[in-house]
Amino acid sequence: MRLPHTSSSRIFGEINLAHHALKLWLKITTIILLAYTIVAGLLFDVPRLNIVNETIRALYFHVPMWFGMVVLFCVSTVYSIQYLRNPSIQKDINSVEFANTGLLLGLLGIFTGMVWANYTWGSPWHGDPKQNGAAISLLVYLAYFVLRGSVDNEEQRARLSAVYNIFAFAAMIPLIFIIPRMTSSMHPGSGGNPGFNMYDLDSNMRMVFYPAVAGWILLGIWIATLRIRIRNIDEKLIDLENE
Amino acid sequence: MNKLTFIIAFFGFVFLSNLAMAQAEMADAMRSEGKIYVVVAILLIIFVGLIGYLVMLDRKVSRIEKKLTEKKG
């Protein structure tokens with residue numbers, strides 16, 4: 001449902017169409033990186049480990065979902081901070097659409113993780129601290145959209161959700177990055193380990209893992225910018241109607 | 001026949017004759033090593049489909065943006 005613009009929302013400032021499109025070379029880079037990830041991720045040599053076996057290749061697809069989510073949430077938070085410093089409707093739109101796409105990647109991360117856990121840990125939900133932390137932070141972000149849906153006034157909605165968004169990001173950091181490392185977690189780099197498990201990563205795997213992370217993050221940004229552009233068109237149309 | 005078409009025809013012939021020879025020895029490229037290449041092919045098809053769809057969506061949005069800017073101006 002589209003809410004009617006109140007007169008107060010007019011102070012929100014202009015929207016510039018097409019200023020938010022992802023650069024063409026970045027789109028091409030995304031496609032090349034992800035095509036490489038799929039081919040190299042399935043065909044290149046990986047360490048032969050018991051229990052994990054070939055599922056170690058899921059690292060190229062499951063973990064980048066979380067990297068992507070964190071990056072998109074981070075961008076969303078930056079827009080929220082900018083909004084609070086200097087409100088404009090564009091910053092609100094950017095913030096919400098980056099959070100939206102970040103949530104999508106987070107959900108994909110949790111579902112792929114459940115499939116992986118089912119075959120390596122023995123059950124889809126293991127109560128692993130990182131798994132629980134990730135689930136809680138996704139719920140915190142879901143509440144962000146509930147909050148947005150429950151405020152009618154556009155300016156209030158933008159301001160309240162910007163404040164909440166900053167809180168959500170601040171809550172996500174300990175839930176995903178700190179608490180799992182303080183307790184014993186089955187995720188690599190956990191359990192008292194200061195955590196850069198990348199240093200343990202096989203050098204063959206790094207050659208696929210880093211491009212994979214970059215590719216999936218870029219894909220997330222691409223989708224987010226597309227959503228922003230669609231929202232901008234929507235806002236422009238409302239502007240035209242009001243004139 | 002100019003040079004270019006001759007070259008293309010020549011390499012096309014070489015390619016086809018190689019293909020025919022390979023078929024005589026069974027085309028097992030996609031069947032080797034536990035058929036993983038089949039999975040790669042499937043994933044690539046899905047990936048190409050999804051990216052193609054995303055690109056089309058992107059161009060559609062660009063078109064509407066352009067239309068809207070023209071209407072405004």
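Note on naming: letters A, B, ... go to the chains in the order of the sequence lines (proteins, then strands), and numbering restarts at 1 for each one.
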Inset, instruction - Kindly determine whether Val39(A) and Leu43(B) satisfy side chain to side chain contact (heavy atoms under 4.5 Å, CB included), including the steps that lead there. - result: CA-CA 9 Å; Val39(A) 176; Leu43(B) 282 177; over 6 Å; no
Inset, instruction - Dump the intermediate steps for side chain to side chain contact (heavy atoms under 4.5 Å, CB included) on Lys27(A) and Asp58(B), then the final yes or no. - result: CA-CA 10 Å; Lys27(A) 289 174 188 167; Asp58(B) 199 303; 3.0 Å; yes
Inset, instruction - Can you tell which part of Leu219(A) gets under 4.5 Å to a heavy atom of chain B, answering side chain, backbone, both or neither? - result: side chain
Legend entry - Heavy-atom pairs under 4.5 Å with chain A, option from Val39(B), Leu44(B), Ile64(B) with the top count: Leu44(B)
Legend entry - From CZ (Phe47(B)) to CD1 (Ile31(A)), nearest 0.5 Å: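 Phe47(B) atom CZ to Ile31(A) atom CD1 measures 6.5 Å (nearest 0.5 Å).
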Inset, instruction - First locate atom CD1 of Ile230(A), then atom NZ of Lys60(B), and finally report the distance between them rounded to the nearest 0.5 Å. - result: 10.0 Å
Legend entry - CZ (Phe145(A)) with more than 12 external heavy atoms under 6.0 Å: yes
Legend entry - Top of Thr30(A), Leu42(A), Ile223(A), Leu22(A) for chain B proximity - count of heavy-atom pairs under 4.5 angstrom: Leu42(A)
Legend entry - Considering all heavy atoms, the nearest Val40(B)-Ile38(A) contact: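 Looking at all heavy atoms of both residues, the closest pair is O-CG2, 4.5 Å.
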Legend entry - Taking every non-hydrogen atom, the tightest pair across Leu237(A) and Leu68(B):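 Heavy atoms only, the tightest pair is CD2-CD1, 3.6 Å.
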